[in-house]
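Note on naming: letters A, B, ... go to the chains in the order of the sequence lines (proteins, then strands), and numbering restarts at 1 for each one. Quick caveat, the model's predicted, so the values are computed rather than measured.
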Amino acid sequence: MTDQTASQPSSKHGSLLAVDARTKKRNAAETRFKAYGIGALLIGLFFLVTLLTAIVSNGSTAFSQTYISLDVTLNAEKLDPNGTGDRDEIAKVTTLGYTQIIAEAVANTMAANEIESPLPAGALPLMVSASAAAQIRDTVLADPSLVGQTVTFNVLASSRVDGYLKGRVTRESLARDRNLGPPHLDIVDQMLDAGVVEKRWNLAFITGADASESRPEQAGIGVSMLGSFFMMLVVLFLSLPIGVAASIYLEEFAPQNKFTDFIEVNISNLAAVPSIVFGILGLAIFIQIMHLPQSAPLVGGLVLTLMTLPTIIISTRASLKSVPPSIRDAALGVGASKMQSVFHHVLPLAMPGILTGTIIGLAQALGETAPLLLIGMVGFIASNYPDGLASGFLDPNSAMPAQIYEWAKRADPAYYERAWGGIIVLLVFLMTMNIIAILLRRRFERRW
Amino acid sequence: MSFVKLATSAMAMTAALTTAAAARDNVQVAGSSTVLPYASIVAEAFGENFDFPTPVVESGGSSAGLARFCEGVGENQIDIANASRAIREREIEACAANGVTDIIEVRIGYDGIVFASDINGPTFAFTPEHWFNALAPMVLVDGAIVENPYTNWSQIDANLPDQDILAFIPGTKHGTREVFEENVLAAGCEATGAHEAMIAAGMDEDAAEDACIAVRTDGLSTDIDGDYTETLARVDANPNGIGVFGLAFYENNTDKLQVATMSGVEPTVDSIATGEYPVSRPLYFYIKKAHIGVIPGLKEYAAFFVSDDMAGAWGPLALYGLVSDPELADTQAMIEAEQTMGDM
């Protein structure tokens, strides 16, 4: 080593053109670092793609549903034995009284299409959703003159028939099933050829109400979407004014002292509190002390407001801070009061940032499940459409993420597909909100 | 300061808003997740057939539901608690302390508890003794109470498959756990003679009973606090695992699970109805009598729940997996008469 150094004294400050060993090493380190970065990015992308593929492949089937078109003879002897034609008289026949009528309708439809089956007539209605009885009954009650006629209904197929058309259910998987067996699937195959059974776009999944465990084919996310909507209204109208007022005060008016420091530290702390804590707080304060109604979107909104406030305050303060002091000085310089300078000049300039922060806070609140578990928003809840504004805020309802959680828990595998479908709907909302936030920022944000 | 002011005024506003519109017109139910499917089926049919709104059924477990049930009487309290076990003396006292005195107990039917494993694994034929020996921390081996040495089912009984012990049992907040402890673990403890041996070793009766239903904590048995879907996911992930399920859940997932016999009996609706299959329990719901007549539709919902149309042997509940109660007519009469627990 010493020899070499002695014979080549110039190599200590090597030529700029020749790459020496150390430069090579440094360049290699840089190349490696870039490779790590690209690797990290690829891993992230890989997970994103896997996740999206899983969601879309599992959930997209929820957006189509199998229907059977049945010629239903509305047997006057069963529905209106005295021939009164009176709505109240017909209403005395409950949905359970329609089972026989549906069994006959299935048998008739099969006969009309020359489909034969070894199954007893009593086993046939199992192919049809339990919702069909309610559908037919509602139609009859809306128009009692239909009694005695034969009407064509498009009824939902039961979840297992639907699963068969979607490839989830096979003859093997039904081998030990108590409700539906392979012979039913033979009938379905023939009905499919005859065009009686059809898989169609399922708008009811997006607009519908939750259904009980025995009829997953009927369940929709619509009512819980409204629940989420009313909750977001509460969050928006409480957290935006409170958050902005608090930020303006802290940023523009408050004196710098120990008290405001204390508040600032605590706002940052609150932003890091796990959301379940807000749920317990909501249960204790809003429900147990203030006696607000259980499971109401109003309470959910209040809890989520607590959770969103710190996010909004922090982002609002950041955007207020980014307005240069020269704007304030100029306003004060031409005689504006402190308040005028804030409301006429600083706030409008900070608005895009505030709105972006608010939308991102709302998106976060929209996807939040944990606090809702504690205030009773999980279960069979989203079954009634709210009628009117007050009912929307106060009547029990669920929210989209809570509904998805509930579906994922249910026994029938058909609910699994609906949980994934719900995730797609939720993601569409979240992405739309985030895109709006990005557009707002792009369009209106000013750089200084 | 403005933050505090605004926050308080907002809260005052919301409080005023809600007191203005308090009257509740729907029945509110909470409690056992085992009863939830049945309650949701009834609630849905109730909403379709009556002019009342569909009742709201929350889940959360029997104990949590009964605790909320006992919080008091009034519009902000639930009307009905679902439970997969009978209400305890302690809970009745807690209820009474909060003014909930007249409680109507309604038994809706029976539910079987089944032991199921991965469909591709070996089949099992269990007895309660097997389960006690597999799960207890202290078992009887050669006449002495020792720390549980078993790690494989075949060590317990040569007739059982050669498979590592791995059990997923319901957590303590579930009503199912209590039935599992009483009908399986305690029964197995008696049958193996461990109970006697514990007393002979100087334990008093209570301590021996507690030791009988204790569960080993070395990881071979896992408490599942979530729902059966979580147990199913665990069994899916561990083909060696054996899970404890409700009969209705198993019947919805026969493509993934196979069921084990207990004392030689296969669990079916029939074998549970006749009492042949040993591990079953009654399902209940509890009504606050003070709410009848105040909350519209409450009595009608309860009557509809136990009507022959719903809970009868051929009703939708039986179709879903409920073992219908042979004494359903008595229950119907009891609701008609609004007979509370004290009157019996």
Side-chain angles (χ1 to χ4, degrees), chain A residues 91 94-96 130 133-134 137-138 169-170 172-179 209-215 234 238 241-242 245-246 249-250 263 286-288 290-296 298 302 373 376-381 383-384 390-391 393-396 406 408-413 416, chain B residues 1-3 6-7 10-11 14-15 17-22 24 26 28-30 33 36-45 47-49 53-60 71 74-76 78 226-230 246 248-249 251-256 258 269 309-310 315-316 319-321:
Chain A
T94 63
T95 47
L96 301 156
R137 184 173 180 267
D138 287 347
V169 172
T170 59
E172 290 78 51
S173 74
L174 280 186
R176 299 189 303 130
D177 195 273
R178 210 159 62 94
N179 292 331
D210 191 15
S212 75
E213 302 247 1
S214 64
R215 44 175 104 155
V234 175
L238 284 180
I242 297 177
Y249 177 75
L250 282 175
I263 287 185
F286 298 127
I287 292 176
Q288 286 167 355
M290 289 170 66
H291 293 298
L292 296 184
Q294 285 271 358
S295 321
L298 174 70
L302 288 174
L373 303 184
M377 297 189 95
V378 179
F380 178 63
I381 302 190
S383 47
N384 293 314
S391 139
F393 285 116
L394 296 173
D395 278 0
E406 173 61 27
K409 288 196 309 178
R410 292 190 182 166
D412 195 315
Y416 191 65
Chain B
M1 253 8 119
S2 70
F3 174 83
L6 270 167
M11 295 217 177
T14 47
L17 183 79
T18 42
T19 35
R24 174 153 70 84
N26 59 335
Q28 290 203 348
V29 186
S33 43
L36 175 72
Y38 305 115
S40 73
I41 291 171
V42 177
E44 187 172 60
E48 279 167 6
N49 286 310
T54 310
V56 171
V57 192
E58 291 169 38
S59 57
E71 268 168 18
E75 294 222 338
N76 278 302
I78 57 171
D227 294 84
Y228 292 137
T229 34
E230 194 190 334
F249 187 91
E251 288 195 330
N252 266 302
N253 290 281
T254 47
D255 55 328
K256 298 190 199 78
Q258 60 171 325
V269 171
D309 280 347
M310 294 308 292
L319 206 62
Y320 187 77

Chain B contact via [X] - which portion, at a heavy-atom distance below 4.5 Å:
X	value
A:A175	neither
A:E406	side chain
A:R215	side chain
A:D412	both

A:R176 side-chain N/O to B:N253 backbone N/O, donor-acceptor pair under 3.5 Å = no

Backbone N/O of A:S212 and side chain of B:S40: donor-acceptor pair under 3.5 Å =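 No, B:S40 side chain to A:S212 backbone: no donor-acceptor pair under 3.5 Å.
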
Check whether the side chains of A:S173 and B:K256 place a donor and an acceptor atom closer than 3.5 Å, and report yes or no.
-> no

Would you please say whether a donor-acceptor pair under 3.5 Å links the side chains of A:S383 and B:E44?
->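 No.
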
Can you say whether [X] sits under 4.5 Å from chain A via the side chain, the backbone, both, or neither, judging by heavy atoms?
X	answer
B:P55	backbone
B:D227	side chain
B:V42	neither

pair [X]-[Y]: side-chain heavy atoms closer than 4.5 Å:
X	Y	value
B:N76	A:Q294	no
A:L96	B:M310	yes
A:Q288	B:E71	yes
B:N49	A:R137	yes

Under the side-chain hydrogen bond (donor to acceptor under 3.5 Å, both in side chains) criterion, do B:S33 and A:K409 qualify, and how do the steps go?
-> CA-CA 10 Å; B:S33 43; A:K409 288 196 309 178; over 6 Å; no

Counting heavy-atom pairs under 4.5 angstrom with chain A, the leader among B:I78, B:T54, B:L319 is B:T54

Which one of A:A211, A:A209, A:A91 has the most heavy-atom pairs closer than 4.5 Å to chain B?
->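 Most heavy-atom pairs within the cutoff with chain B belong to A:A211.
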
